[in-house]
A.B. asks: 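Dropping the structure in here first, questions after.
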Amino acid sequence: MSLISLMGALEIGLIFALVALGVLISFRLLNFPDLTADGSFPLGGAVAAVLIAGGHDPWLACGLAAIAGAAAGWLTAWLNVRLGILQLLASILVMIALYSINLRIMGAPNIALIGLPTVFTPFISTVNDNAWLIQPAVLAVIVVLAKLLLDAFFASEAGLALRATGANPRMARAQGISTDRMTLAGMALSNALIALAGALYVQTQGGADISMGIGTIVVGLAAVIIGETLLPPRSLWLVTLATVLGALLYRLLIALALNADFIGLQAQDLNLITAVLVGLALVLPKIKAKLRNKQGGRTA
Amino acid sequence: MMRADNLFKTFNPGTPLENPVLRGLSLTIESGQFVTVIGSNGAGKSTFLNAISGDISPDSGSLFIDGQDVTRQTAWQRAGLVARVFQDPLAGTCEGLSIEENLALAMQRGQGRGLSRAVKASYREQFRAKLATLQLGLENRLGDRMGLLSGGQRQAVSLLMASLQPSRLLLLDEHTAALDPKTAAFVLQLTDRIVSENKLTALMVTHSMRQALDHGHRTVMLHQGRVVLDVSGEERSRMDVPDLLAMFEQTRGEKLDDDALLLG
Ligand SMILES: Nc1ncnc2c1ncn2[C@@H]1O[C@H](COP(=O)(O)OP(=O)(O)O)[C@@H](O)[C@H]1O
Ligand SMILES: [Mg+2]
């Protein structure tokens, strides 16, 4: 694998690290199975692309994209806590609705951003092409910042309340925590991160496409699960670190698999590979536990 | 002070599973009083406590805590007034969080939660001192996950958590039932200490008539969602378990079988 394609894998890995941190908040910390990501990732991309194409500042575009994502996550949570719609179903409703909304925002199935200023432009040299190095570097700074901010938040009073909400809602309420409000806020935070990832994604890809969200949630989940096998969940900063590393490792493995011609895999096989991987990761712990039980039964 | 007025609650109304659990339950507890509650399985003891804490809302009737009408308040809104320890040792704490994080959650009970650090250095000192009084060695394990503790240790920590912030009412729902006899005795002794040290108004459900008479100032018995027996003072101090049983049969005009009431 060439250095350029390695950096390319890293770049996408860093973007999906933000998605994975969002998925960590919904699936793991809040215990809220949320598929909104497939809609909020392209939502972030659509908002950013339209603003940048309209001549607005790319950082402002990222910020507004994150706010749009927060609104989407908040809506999913609202459908659940206020209207009592099942979590998974609430998120599917918002995801489907977002497909139409994203098309409305973009006004066309795709928007090109080639030649327009992005958050990376100020750092890219006009003499020699260093985008392959600069883009991952800027993304790395953003991801590290996001991770550190999240760590600080989850160690705060409000952050701890959010974790208690997911871990033991009855206990959380007995301690005076409004689990409804915490769920609304946590889901907004989760999807803000995912939409920010979408906003950065369109700037690395030179454009937005209406179908760019397909499979986002599965990739994010894969990263979280790989991360969980990498490091022990001894404290939350280790968990967020593992999640970031999981996203990077996942993209590297995919790049390696696609590069190995003898396997005969192509880019369009990506979603299939991811689905199989996540499926395996979900059943492996159960199979392991079963085997252990059987052994225990024999020796007892 | 706590006052429950004519509480009614029916689960699954209008279905074949319709189950009237609270049927006009009224009870007033004076400040500083420690009341034990007994009653057969399904008498509505847990439902009563859940109604007081706001986990369920009664169909009718009203609830006052310190003169404040809390009938329509949610559980989290009342948390500043009501502290509780559950029967299941897993229910009162978060096993994925550390001991100090659990204590920090309780330190903030009924207060706003902002962005300042949850586990403050000054808290740690307090936590260590309070945990040391349990004599379980937990003062050196602040960073350990709650899930590593035994059921008895978790109940002891739950009790500490319930007493970190002042409350108007402490609810204990068979909080020693899941423990072995020795641990149960320890947690019960701890309960007595914490209630008297903090002069708490407390309501303790127990499955043991012995415990009901040996602890607290007053004993009430629930049957089919109402208070059928209420003894305190001189009368109560002269009572023994058989007297309690006899009184119950007298009030209800029916004979109890051994299954209906667990003797302790
Ligand atoms: N949330 C609930 N939904 C439906 N039925 C319930 C619920 N909580 C309790 N019950 C029923 O109410 C009855 C009384 O339960 P409970 O108050 O737990 O009794 P106790 O604590 O005195 O043993 C039981 O028949 C129980 O099945
Ligand atoms: Mg009960």
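Residue numbering restarts at 1 for every chain, and letters A, B, ... go by the order of the sequence lines.
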A.B. asks: Going by an N to O cut-off under 4.0 Å, is there a salt bridge joining B:Arg117 and A:Glu157?
C.D. replies: no
A.B. asks: What option among B:Gly114, B:Cys94, B:Ala75, B:Gly110 has the most heavy-atom pairs under 4.5 Å with chain A?
C.D. replies: B:Gly114
A.B. asks: If I take atom CD1 from residue A:Ile177 and atom CG from residue B:Leu105, how far apart are they, to the nearest 0.5 angstrom?
C.D. replies: 5.0 Å
A.B. asks: Would the number of heavy atoms belonging to other residues, nucleotides or ligands and lying under 6.0 Å from CZ of B:Arg109 be above 12?
C.D. replies: yes
A.B. asks: Using 0.5 Å steps for rounding, measure from the OG atom of A:Ser235 to the CZ atom of B:Arg145.
C.D. replies: 12.0 Å
A.B. asks: Considering only heavy atoms, which portion of B:Leu97 lies under 4.5 Å from any heavy atom of chain A: side chain, backbone, both, or neither?
C.D. replies: side chain
A.B. asks: State, to 0.1 Å, how close B:Ala79 and A:Gln175 come at their nearest heavy-atom pair, and which atoms those are.
C.D. replies: CB-C, 3.8 Å
A.B. asks: Highest number of heavy-atom pairs under 4.5 Å with chain A: which of B:Met107, B:Arg84, B:Glu101, B:Gln165?
C.D. replies: B:Glu101
A.B. asks: Can you tell me if A:Arg181 has over 12 outside heavy atoms packed within less than 6.0 Å of its CZ?
C.D. replies: no
A.B. asks: Would you mind telling me which of B:Gly80, B:Gly54, B:Ala106, B:Ala162 has the largest number of heavy-atom pairs within less than 4.5 Å of chain A?
C.D. replies: B:Ala106
A.B. asks: Using non-hydrogen atoms and a 4.5 Å limit, figure out which bit of B:Ser116 sits close to chain A: side chain, backbone, both or neither.
C.D. replies: both
A.B. asks: What are the two closest heavy atoms between A:Asn168 and B:Ala91, and how far apart are they?
C.D. replies: ND2-O, 2.8 Å
A.B. asks: Is it true that, when you exclude B:Lys199 itself, more than 12 heavy atoms of the residues, nucleotides or ligands shown sit nearer than 6.0 Å to its NZ?
C.D. replies: no
A.B. asks: Rounded to the nearest 0.5 Å, what's the gap from CD on B:Glu100 to CG on A:Leu160? Could you check?
C.D. replies: 10.0 Å
A.B. asks: Taking the side chain as every heavy atom from C-beta outward, state whether A:Thr179 and B:Trp76 have any pair of such atoms under 4.5 Å apart.
C.D. replies: no
A.B. asks: Check A:Met171 against B:Asn102 and note the closest heavy-atom contact, atom names and distance.
C.D. replies: CE-OD1, 3.4 Å
A.B. asks: Report yes if the side chains of A:Arg170 and B:Asn50 come closer than 4.5 Å at any heavy-atom pair, otherwise no.
C.D. replies: yes
A.B. asks: Taking side chain as everything from C-beta outward and backbone as N, CA, C, O, which of these in B:Asp144 sits under 4.5 Å from a heavy atom of chain A? Side chain, backbone, both or neither.
C.D. replies: neither
A.B. asks: Given a strict heavy-atom distance threshold of 4.5 Å, which part of B:Met161 is in contact with chain A: side chain, backbone, both, or neither?
C.D. replies: side chain
A.B. asks: Quick check: are there more than 12 heavy atoms from other residues, nucleotides or ligands sitting under 6.0 Å from CZ of B:Arg193?
C.D. replies: yes
